[in-house]
Amino acid sequence: MRRTLTLLLAALVVLSGCAPAAPGPQPSDSAQPKRGGTLRIAMLGDATPNPFTWPGQLPTILVMKTMFNTLTKFNPKDNSLVPDLATEWSIGPDGTSWTFKLRSGVRWHDGRPFTAEDVKFTTENIINPKVNALFRSNLAGVTGVDVIDTLTVRINSREPIASLPILLGYNIVIAPKHLLEGKDLNEIPEFVANPVGTGPFRFKENVRGDHFTVVANEDYFEGRPYLDAIVFKVIPDLNVVTAQLRTGELDLAMVEPQNRQALRGAANLDFIIAEEPNVFFIALNNTRPLFQDKRVRQALMYGLDRKLIVDTILEGLPPLATGPLPKALGEFYDPDLKPYPYDPEKAKALLAEAGWRPGPDGILQKDGQRFAFELMVDKGNPTREQIAVTAQQYWRRLGMDVRLDVQEWAVYLSRGNKLPGDYDARTGWRITAPDPDKTAEYATGGANNHFGYSNPEVDRLLREGRRTFDRQKRIEIYRQFQRVVYEDVPIIWIYYPVQILAVNKRVRDLPAGDLRNVLTYMHRVWIQ
Amino acid sequence: MAQTAVSLPARVEAAGPVATFWRRFRRSRLAVVALLFLVLVHVLGAAAPVVAPYPPEEVDLTRRLAPPGAGHWLGTDENGRDVFSRLIYGARVSLLVGLLSAVVAVAVGTVVGAVGGYFGGVTDAILMRLTDGMMILPTFFLALLVLAVFGPGIINLIAVIGLTSWMGVARVVRGEVLRTRPQEFVLAARALGAGNARILAVHVLPQAAPAIIVATTLGTAQAILTESALSYLGLGIQPPTPTWGNMLASAQHFLWVRPELAVYPGILILLTVLAYNSVGDALRDALDPFMKE
């Protein structure tokens, strides 16, 4: 697919004699965009459009992207930052504030003008501890917002935050102050039942368990969308999604590798394979005595054939992971580091060096303790269960007694995200803003450091990175960070997930990229 | 007895209760086929370590979702594990859980029914209200709840299924005991000085044996179904240990790619439950003392 795209792109460049227009929509044929039509997208659960707490997470994120705007957003092609509600931004003299110029003439769906007050209201409520804001960690360190004039805001922070404009583009949607002021933002039933945003589509109806519909906003600041409406169909079963993609009852859906296999040969479909700023891993609880020795963690890395997992279970689509930063982060990713190879002999040697010897039952022992641990995985996702089962088998071959602990999603989350986590080892993934700052995960006591990793050198580098504005210096800091963490192997990185989007061929000018970004460009999409 | 002599020449002189039973049982062709099938499945399950060509948990990612072929008779699953081996090992777990849960249910049901029916009065009233109470509970959801709280596992599974399905047995056994208790041989035993425990165990319960045997057989079928459903929902036996239910659950993700992965365990569940039910029906007929020849 990627090759086809490249070829198409190349053909287009040759034919038209110019480069495709930014920000990177799919190469369109010569046909003129046409107005009208309804696009149908699948989502696995119900959406509840609360712009602070985001209940339901992914489904809510998907629908919100079409109805609301953020200050900045990302070009799906390369994750670079582009303007949205803010047109330009600049750093203050001492580095602890950013000033954003806002777009003029933007109106809320109810006709009221959008102003700097809305930005102040939204931002200050996200950092308000009384509000259970899902994306508060994006704004860690932000202290408040000053309104300079109706279309200018200054966002202040305790310390310099070099990547604040990037973090603001990641799900920090601006909500209307005039409708929400004075309410308990954790529970806003009237707003959820009739959300009002600034986005290219406005709310029409939400039939729980069935669909969520948005319709074109005639007054959108970039012009009326070509589409009349987008229907998000609630379909919890991927087999049904597959069937509806084949029959043309769905135009766009995220699918799993095994569904792609099932859809191969469907003449009405194209696939978009998009990199995400995401890492899939098996976390080792560094606070457990078993995993405190670096050599043991390295042995687990050498002893797992991760490349085979990627090539088979994931059909070779995602890149094999090297370390903590995904390839989607471009220059920040250190290309000189190579993924740990599969080398069971080396793994056994490292374990022997660390003092683990086979016991009478064939299981490794040290000071009378058996090498036994539980690997927790969430129930029901075939890809993740297959990876867990495979890891169990490979680590058994090293002489470890590994038991699978398959848990309900809620239990998995609550045990898995405690600090430190209530597990020996667990599968996990972390999708973030396209920003290299990994303080939350790898710094001592970080909000998402459930695996209890702690290295003073890493703490220093991460602090340094957050306050460094010079891009070249930042790149060097984060590459150094990757080298240190790579050596420590706090967790077993397996791959950098990609998204597989199945798209009906009648959909035109859909940007190729992460669905979350793609959905912020739906006003340019049209149906043939 | 002339007809019997034709078909069973060697046993004609010894046409005792067993022969009579067998003669009645095999009148149902379906039941005989079902019995043969059950024997086959149980033998395969019991002999799994010898019969299975591969260890059931052996992952081989280079041979994922392979079609049936020489190396793997029924192909491989999404982890490259041999489907045939997993079905045989799965039979082990499914049948073991099915049988043991039925045994638990029958034991509890027999005690409750026998004690209630024999002693009558307040004891009977209390035990039967308990039975009614259990009957009105939606037991499948109760089982889901209990497993969610106490965690899945083979012992929990057997206990939960057994302890939520004894009520029918209790009713049947109580009926048999009520019928037997006023009969002369029971009165005679009592006149000779036998205690309650002895009368129940030696004189009354054997009369209920046919009913208990039938209940065990039908109960096993029900328990296998329940186990499959619980494992399908992820609350039964945990991966990587195979059972028919969890094989069905993981196969559903590959319905478009390898639909037969769901068909194999599905057919085995269907046939096993059907076989237990038809054997149970035939047993009921063959063991019924009132049935005319």
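Values below: all heavy atoms of this structure, side chains included; hydrogens, waters and symmetry mates excluded. By convention in this document, chain letters (A, B, ...) are assigned in the order of the sequence lines, proteins followed by strands, and residues within each chain are numbered from 1. None of these values were measured; they are calculated from a predicted model.
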task: Sort A:I313 into side chain, backbone, both or neither according to what part of it lies under 4.5 angstrom from a heavy atom of chain B.
output: both
statement: Note: vs chain B, highest number of non-hydrogen pairs under 4.5 angstrom among A:N239, A:V389, A:D305, A:L308 is A:N239
message: For A:R396, which atoms come within 4.5 Å of any heavy atom of chain B: side chain, backbone, both, or neither?
response: side chain
message: Is it true that, when you exclude A:K233 itself, more than 12 heavy atoms of the residues, nucleotides or ligands shown sit nearer than 6.0 Å to its NZ?
response: yes
query: Around A:Q57, counting heavy atoms of other residues, nucleotides and ligands shown, do more than 12 lie under 6.0 Å from its CD?
result: no
field: Among the listed options A:E256, A:Q261, A:E385, the residue most often paired with chain B at heavy-atom distances under 4.5 Å
entry: A:Q261
message: At a 4.5 Å cut-off on heavy atoms, which part of A:A243 comes close to chain B: side chain, backbone, both, or neither?
response: both
message: Contact between A:P382 and B:E78 at the side-chain level, heavy atoms closer than 4.5 Å - yes or no?
response: no
message: Give me the atom names and distance for the closest heavy-atom approach of B:G234 to A:K379.
response: O-NZ, 2.7 Å
message: Would you compute the distance between atom CG of B:L65 and atom OG1 of A:T312 and round it to the nearest 0.5 angstrom?
response: 9.5 Å
task: Rounded to the nearest 0.5 Å, what's the gap from CZ on B:F254 to CG on A:N259? Could you check?
output: 9.0 Å
- request: Measure the NE2-OG1 distance between B:H253 and A:T242 for me, rounded to the nearest 0.5 Å.
  value: 11.5 Å
Option that, when pairs with chain B are counted at under 4.5 Å, heavy atom only, ranks first among A:E408, A:Q393, A:R403: A:Q393
task: Evaluate side chain to side chain donor-acceptor pair (under 3.5 Å) for A:Q386 paired with B:R64, printing each intermediate quantity in order.
output: CA-CA 11 Å; A:Q386 285 175 75; B:R64 291 176 77 230; 2.8 Å; yes
Selection from B:V59, B:L61, B:V257, B:D60 maximising heavy-atom pairs under 4.5 Å formed with chain A: B:L61
